[in-house]
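A quick note: this is a predicted structure, and the numbers were derived from the prediction, not measured.
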Amino acid sequence: MTLDEEKDPALSPKAARVVELARLSLGMMSPQQRVQGLLRVTERTARRPFRLSPLRGGALALAVAAAVLLGINGWQRGTRSDRLSYEVEGGAVQQDGSVQADTSSRPMVRFSDGTEVQLAEMARAHIVSVNEQGARVALDRGEVHARVVHRSEAQWLFDAGPFLVTVTGTAFALSWAPEDERLDLRLENGAVVVSGPLSGDPIAVRAGQWLTLRRRTGEVLLRDLDPQQGAEASPAPAPSSSDRAEEPSAAPVPDAPGTPAGPTAAAPAAEPRRDWAGKLAAGKLDVIVDEAQRRGLDASLAESSNEELSALADAARYTRRNDIARRALLTQRRRFPATQRGKEAAFLLGRLAETQEGDAAALAWFETYLKEAPQGAYASEALGRKMGIVQRLHGDAQAETVARAYLRRFPGGTYAQAARALARAP
């Protein structure tokens with residue numbers, strides 16, 4: 001006989017079970033949840049009078065239990081239905097909140113939106129937080145393979161030591177060796193952004209690329225994945241047909257927001273590829289810039305492919321030759337405006353403008369990028385920087401509007417804490 005049956009012999013076993021379930025449910029809930037559930041019971045029972053039957057103890061307990069369960073379940077559906085949930089297959093969450101693989105198990109964390117994160121042998125990770133937009137996962141050691149489902153406004157964050165990988169929807173393998181302070185990211189599809197102590201700017205990684213970061217030596221190595229071998233670097237591919245097809249033929253694009261349009265450069269002449277992407281991956285930054293200058297910067301800019309312009313701009317930025325970087329990015333904007341790289345050039349021009357031209361010029365570029373690529377890899381960073389610039393130029397009142405927009409889109413983003421302070425949000 002249960003405790004409830006002892007207290008009320010008139011209560012049937014089924015009714016006692018319902019009461020027991022209600023008691024257990026209440027015990028697992030926070031005080032606020034219990035109050036909300038009981039308030040719903042009060043609201044429902046106050047709608048019409050009722051008489052107690054001779055079995056008043058059991059019937060009342062059953063009614064209250066059912067009402068509490070219905071009320072709390074309804075409250076939970078109404079307020080928490082959008083929040084992602086997850087379960088661990090092939091393993092369990094440890095007392096410290098970690099999920100760990102051993103030599104015989106490779107746990108899979110499955111989220112309610114279809115996203116999957118699988119741990120490789122001996123890997124260890126933490127689910128730091130989960131919200132409506134996604135989750136934050138900390139990789140303590142080893143490797144995980146993630147398939148993140150792309151959704152509007154989705155935001156997934158993966159921590160690996162001092163590095164942060166920002167994801168919207170993609171598939172990749174991420175490994176972190178704390179003893180060597182080495183990160184490896186192999187991207188199968190989609191795009192991610194990696195930020196951390198080795199680069200002043202976030203590093204954009206695209207499908208088919210492999211990024212290695214070694215904190216101790218300061219090495220940043222980005223190269224193409226070999227589809228045959230999966231891990232070995234291979235020569236960079238020629239410009240894609242989509243990049244060539246999107247090159248404008250008639251309508252020129254302005255060099256900068258609010259400035260007159262410049263002439264459209266001629267199509268690049270067929271000539272041996274310079275493989276600047278391969279040299280960039282190998283860290284030969286000075287070689288790229290020197291080759292462009294030896295040929296003549298004007299000719300190099302006019303003849304380079306979209307991919308080569310990106311490599312030249314990156315090499316120039318990393319070696320602090322910002323004038324060359326700016327010209328390469330502006331050329332990319334003119335010649336390849338509709339491509340992903342052409343749009344990302346607007347964000348990078350904003351970063352250069354912050355140090356060279358001032359806040360007003362930088363703000364124009366960040367707004368241009370957000371307009372052209374609202375779901376782009378740099379969207380969170382661009383909106384956060386816009387918020388800071390608006391505050392400096394126009395004060396807290398106008399910055400508050402941007403802060404609220406940031407919190408709606410990126411509640412767990414890098415600038416969320418500053419945005420909450422401006423928006424006076426909890």
Using the six-membered ring wherever Trp is involved, compare the ring planes of Phe111 and Trp156 and label them parallel, tilted or perpendicular (cut-offs 30° and 60°).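 Ring orientation, 0 to 90° scale: perpendicular.
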
Are the side chains of [Y] and [X] in contact, using a 4.5 Å heavy-atom criterion?
X      : Y      : value
Phe163 : Phe158 : no
Val165 : Val193 : no
Gln100 : Leu119 : no
Val130 : Ile127 : yes
Val220 : Ile203 : yes
Phe366 : Phe347 : yes
Leu183 : Leu174 : yes
Asp286 : Arg321 : yes

What's the verdict on side-chain contact (heavy atoms from CB on, under 4.5 Å) for Leu157 and Leu164, showing C-alpha distance, side-chain angles and the deciding distance? CA-CA 7 Å; Leu157 302 174; Leu164 176 65; 3.9 Å; yes

Side-chain donor/acceptor of [X] to backbone N/O of [Y], under 3.5 Å:
X      : Y      : value
Tyr369 : Tyr378 : yes
Ser105 : Ala101 : no
Arg106 : Gly90  : no
Arg335 : Leu301 : yes
Ser98  : Gln94  : no
Arg295 : Asp290 : no

[X]/[Y] ion pair, N-O < 4.0 Å:
X      : Y      : value
Arg351 : Glu354 : yes
Arg136 : Asp159 : yes
Asp184 : Arg182 : yes
Asp298 : Arg327 : yes
Arg186 : Glu143 : yes
Asp323 : Arg326 : no
Arg404 : Glu400 : yes
Arg206 : Glu344 : yes
Arg110 : Glu116 : yes

Measure the spacing between [atom1] of [X] and [atom2] of [Y] and express it to the nearest 0.5 Å.
X      : Y      : atom1 : atom2 : answer
Gln155 : Asn131 : CD    : CG    : 8.0 Å
Ser300 : Arg294 : OG    : CZ    : 10.0 Å
Asp113 : Gln133 : CG    : CD    : 11.0 Å
Arg320 : Asn322 : CZ    : CG    : 7.0 Å
Leu222 : Leu185 : CG    : CG    : 9.5 Å
Leu329 : Trp365 : CG    : CH2   : 8.5 Å

Can you see whether [X] engages [Y] through a side-chain donor-acceptor pair at a distance of less than 3.5 angstrom?
X      : Y      : value
Trp176 : Glu181 : no
Arg223 : Thr212 : yes
Thr115 : Tyr86  : no
Gln332 : Ser310 : yes

Measure across [X] and [Y] and return the closest heavy-atom pair with its distance rounded to 0.1 Å.
X      : Y      : answer
Val117 : Ala146 : CG2-CB, 4.2 Å
Ala361 : Glu357 : CB-CB, 3.7 Å
Pro374 : Ala379 : O-CB, 3.5 Å
Ala207 : Leu187 : N-CD2, 3.6 Å
Arg333 : Pro337 : O-CB, 3.3 Å

If the test is side-chain contact (heavy atoms from CB on, under 4.5 Å), which one of Lys386, Gln391, Arg392 qualifies with Ile389?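 Answer to the side-chain contact (heavy atoms from CB on, under 4.5 Å) test with Ile389 among Lys386, Gln391, Arg392: Arg392.
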
In this structure, are over 12 heavy atoms from other groups packed under 6.0 Å from Arg147 atom CZ?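 No - once you tally the heavy atoms of other residues, nucleotides and ligands closer than 6.0 Å, there are 12 at most.
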
His126/Asp140 under side-chain contact (heavy atoms from CB on, under 4.5 Å): CA gap, chis, key distance, verdict: CA-CA 7 Å; His126 281 78; Asp140 301 325; 2.6 Å; yes

Kindly indicate, with the supporting measurements, whether the criterion salt bridge (Lys or Arg N to Asp or Glu O under 4.0 Å) is fulfilled by Asp396 and Arg424. CA-CA 11 Å; Asp396 290 356; Arg424 300 174 181 83; 5.4 Å; no

Do Val205 and Val194 pass the side-chain contact (heavy atoms from CB on, under 4.5 Å) test, and can you show the C-alpha distance, the side-chain angles, and the key distance before you say yes or no? CA-CA 8 Å; Val205 185; Val194 182; 4.2 Å; yes

Where do Leu213 and Glu219 land on the side-chain contact (heavy atoms from CB on, under 4.5 Å) test, with the steps shown first? CA-CA 6 Å; Leu213 301 174; Glu219 181 179 359; over 6 Å; no

Stepwise, does the side-chain hydrogen bond (donor to acceptor under 3.5 Å, both in side chains) test hold for Glu291 with Trp276? CA-CA 9 Å; Glu291 284 184 6; Trp276 283 348; 2.7 Å; yes

